[in-house]
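First up is the structure itself, then whatever we jot down about it.
Here is how names work: the chains are called A, B, and so on, in the same order as the sequence lines, proteins then strands, and each is numbered from 1. Not measured: the values here are computed from a predicted model.
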Amino acid sequence: MKPRVRFAPSPTGYLHIGGARTALFNWLYARHTGGAFILRIEDTDAARNSQEAVEVILNGLRWLGLHWDEGPLTADATGPCKGDRGPYFQSQRKENYRRRVEALLSRGLAYEHEGAVKFKMQREPITVHDLVAGDVVRKLTDREEADPDFVILRSDGQPVFHLVNVVDDLEMEITHVIRGEDHLSNTAKHIALFQAFGVKLPHYAHIPLILNPDGTKMSKRDKGASLANYVHDGFLPEAVVNYLCLLGWSPKDNREKLALAEIVECFDLPQILRHNARFDYEKLLWLQGEYARELADDRFYELAVHAFAKAGVNTNAFPLAYVKAALDTCKGKFKTFSELPVYAGFYFADQIEYDAEGAKMDFVPENKPRLEKLRDAFATAPTFEAATLETALKETAKALGVKAGVLVHPCRLAVTGKPAGPSLYHLLEVLGKEKVLARIERSFERFA
RNA sequence: GACCCUAUGGUCUAGCGGUUAGGACACCACCCUUUCACGGUGGUAGCCCGGGUUCGAUUCCCGGUAGGGUCGCCA
């Protein structure tokens, strides 16, 4: 039988980066083995679940490219799903849980207590045969020693996580439960439940957690815990996916930047590390830069235009050729797309602000006559192309007896307002003679 | 408090009894370069501690310490 794995998030309104990795590892295992990846929404807690919250999860998985073989097609719990083991929303499976509780009750494996139903848990240690952690013998804690039984149906009739999770996994015929290590201790309860239902256990693989850079638990409040964060900051899904794979897993041959197809090829459960990993934003940024540099032109333009639009800059107000030429000077020079509007905003702004530090350094009295000379050279250059402008600048520098850099810096600041940016000669060409000369002219009033 | 998992440079990792402990990110220096970035070269930095086992432990065992997880009518 082909493996059947599932990602079973609770719609809380955001997709945790650790949850995203759990989904990814499930997806990778399914693709590696030719099995099925199932998405199940654990929305038993009606009070805090909403359709929008489900939307966040669906969108997150879609953004990452983790398409599911079975599960919801929309965020509507009563809406259409694909797969024949549905419903895939727990809120729609009440009847299944009720039947299962009845069965346990009638066989004396559960009992009513203060209006709730509790499962009779065994006191003997339970061994979890975990594909990642190995054999784990789980003994009762002191509190469980006092009362090992646990609630499976609340007094208001709502089923509890442990029950629904197990019922769904067995009814959906899940073969491998790949989930966060935070569930390892709970697994004993789940195993007892599976046995009570008289069915074969799924294989378990508990993957380590992702921690904050300081080693503490990454919770909703932490910056960087939400996947939406990376989407918002203009990361590329392929970079995030690649990075997530490297947290707790490695191909063991020193490769780090890997295409998804390569990862699918060599991914497997036993090679997953057993210890938690800290999230290294800098390394993610590095991968992001790697992927951003080799983006296909069309996708690059699309993402760039979108980034500008989000920053309130409508690049469509400019000629398409101008926009493309401008963006071409930026490709490979920034990492996340959220940097772009600041990096290249001068192409699309009427008024430019001068960087304070740069102005102090470059808009000094002795530079004014130099910049005037440069302006004249640009004005009389035979063409306004990068190569011509470079020649003009270098000849001007030579005539003035200074290094090229002495002209380059004030010129860049005058034209872009920034001390760093795209190749100067190329950006001058893109901006065009009129804007360049006007901006240089305007900068003169700023010289000390 | 009890139970469970884990421990290689700052971070992610390779290693599975004998290695000059390898790679990547970050950092530093230099080169390239009009800036920034990229690229190139070199460098700083590591086996948590204590006992065993062994001719020999980063590697195996035990203990400690530290970090993480779980013990809920949350999931």
Item checked: Residue A:Ser423, side-chain atoms from C-beta onward, closest of B:U35, B:U70, B:C73 -> B:U35
Check: Of the options A:Thr187, A:Asn26, A:Thr22, which is the one that meets A:Arg179 in a side-chain hydrogen bond (donor to acceptor under 3.5 Å, both in side chains)?
Finding: A:Thr187
Notebook entry, point to check: Are A:Arg21 and A:Phe25 in a cation-pi setup, meaning NZ or CZ lies under 6.0 angstrom from the ring centre and within 45 degrees of the ring axis?
Noted result: yes
Next item on the list: When you get a sec, tell me which of B:U11, B:C5, B:U13 is the closest nucleotide to the side chain of A:Asp280?
Entry: B:U11
Next item on the list: Please determine if a side-chain N or O atom of A:Thr44 lies less than 4.0 Å away from the OP1 or OP2 oxygen of B:A75.
Entry: yes
Note to self: Distance check, C1' atoms only: B:G15 and B:C60, in whole angstrom units.
What the structure shows: 15 Å
Check: Where the side chain of A:His409 is concerned, which of B:A75, B:C73, B:U35 is the nearest nucleotide?
Finding: B:U35
Notebook entry, point to check: Is the shortest side-chain N/O distance from A:His162 to OP1 or OP2 of B:C73 below 4.0 Å?
Noted result: no
Checklist line | A:Lys257 to A:Tyr291 six-membered ring, cation-pi geometry met (6.0 Å, 45°) | finding: yes
Check: How is A:Ala404 classified with respect to the nucleic acid when contacts are heavy atoms under 4.0 Å: base, sugar-phosphate, or nothing?
Finding: nothing
Check: Could one point to a donor on the side chain of A:Lys139 or the base of B:C3 with an acceptor on the other under 3.5 Å away?
Finding: no
Check: So what does A:Tyr425 touch, heavy atoms closer than 4.0 Å: a base, only the sugar-phosphate, or nothing?
Finding: base
Note to self: Can you tell me the base-pairing partner of B:C47? Count Watson-Crick or G-U wobble geometry only, both distances below 3.5 Å, and say none if there is no partner.
What the structure shows: none
Note to self: Side-chain N or O of A:Lys252 versus OP1/OP2 of B:G15: is the shortest distance under 4.0 Å?
What the structure shows: yes
Checklist line | base_contact_polar (B:C71 base, A:Ser185 side chain, donor-acceptor, <3.5 Å) | finding: no
Next item on the list: Rounded to whole angstrom, note down the C1' distance from B:A45 over to B:U54.
Entry: 31 Å
Note to self: Should the side chain of A:Lys333 and the base of B:U35 be counted as holding a donor-acceptor pair, with the cut-off at 3.5 Å?
What the structure shows: yes
Margin query: Between the side chains of A:Arg154 and A:Asp156, is the shortest nitrogen-to-carboxylate-oxygen separation below 4.0 Å, so that they form an ion pair?
Written below: no
Check: Counting just side-chain N and O atoms, does A:Arg143 come under 4.0 Å of either OP1 or OP2 of B:G72?
Finding: yes
Next item on the list: Check every atom of B:A24, B:U11, B:C73 against the side chain of A:Trp286 and return the nucleotide holding the closest atom.
Entry: B:A24
Item checked: Separation of the C1' atoms in B:C48 and B:U58, to the nearest angstrom -> 12 Å
Margin query: Salt bridge or not between A:Glu102 and A:Arg100? Use side-chain N to carboxylate O under 4.0 Å.
Written below: no
Check: Using the P atom in both, what is the distance from B:C12 to B:G67, to the nearest Å?
Finding: 16 Å
Note to self: For B:A14, give the paired nucleotide (Watson-Crick: N1-N3 plus N6-O4 or O6-N4; G-U: N1-O2 and O6-N3; both under 3.5 Å), or none.
What the structure shows: none
Item checked: Under-3.5 Å donor-acceptor pair between A:Arg412 side chain and B:U35 base -> yes
Notebook entry, point to check: Is it true that A:Phe363 and A:Tyr354 have ring centroids separated by less than 6.0 Å?
Noted result: yes
Margin query: When the C1' atoms of B:U11 and B:C71 are compared, how many Å lie between them, rounded to an integer?
Written below: 32 Å
Checklist line | Row check, A:Tyr343 ring normal vs A:Lys333 NZ/CZ: under 6.0 Å, within 45° | finding: no
Check: P atom, B:C32 versus B:U41: distance in rounded Å?
Finding: 15 Å
Check: On RNA chain B, nearest-nucleotide positions of A:Glu256 versus A:Gly421: which is more 5'?
Finding: A:Glu256
Item checked: Proximal nucleotide (of B:C71, B:C12, B:G69) relative to the A:Asn186 side chain -> B:C71
Note to self: With a cut-off of less than 4.0 Å, is there a side-chain N or O of A:Arg154 near OP1 or OP2 of B:A75?
What the structure shows: yes
Item checked: Minimum-distance nucleotide to A:Lys189 side chain [options: B:C71, B:C5, B:U13] -> B:C71
Item checked: Atom-pair distance (CH2 on A:Trp249; C1' on B:A14), nearest Å -> 13 Å
Check: Within the structure, does a side-chain N or O atom of A:Lys394 lie under 4.0 Å from either OP1 or OP2 of B:U34?
Finding: yes
Notebook entry, point to check: Over how many whole Å does the gap from A:Tyr243 atom OH to B:A24 atom C1' extend?
Noted result: 11 Å
Check: Picking from B:C5, B:C73, B:C12, which would you name as closest to the side chain of A:Leu184?
Finding: B:C5
Next item on the list: Let me know the distance between CZ of A:Arg179 and C1' of B:U70, rounded to the nearest Å.
Entry: 12 Å
Note to self: The side chain of A:Arg293 is closest to which nucleotide in this list: B:C25, B:C38, B:G68?
What the structure shows: B:C38
Item checked: Out of B:U11, B:G23, B:C38, whichever nucleotide has its closest atom nearest the side chain of A:Asn254 -> B:G23
Checklist line | With A:Tyr243, the ring-ring contact (aromatic ring centres under 6.0 Å, His included) member among A:Phe235, A:Phe279, A:Trp249, A:Tyr230 | finding: A:Phe279
Notebook entry, point to check: Among B:G23, B:A2, B:A75, which is the nearest nucleotide to the side chain of A:Asp142?
Noted result: B:A2
Note to self: So A:Pro208, base contact, sugar-phosphate only, or nothing? Heavy-atom distance under 4.0 Å.
What the structure shows: nothing
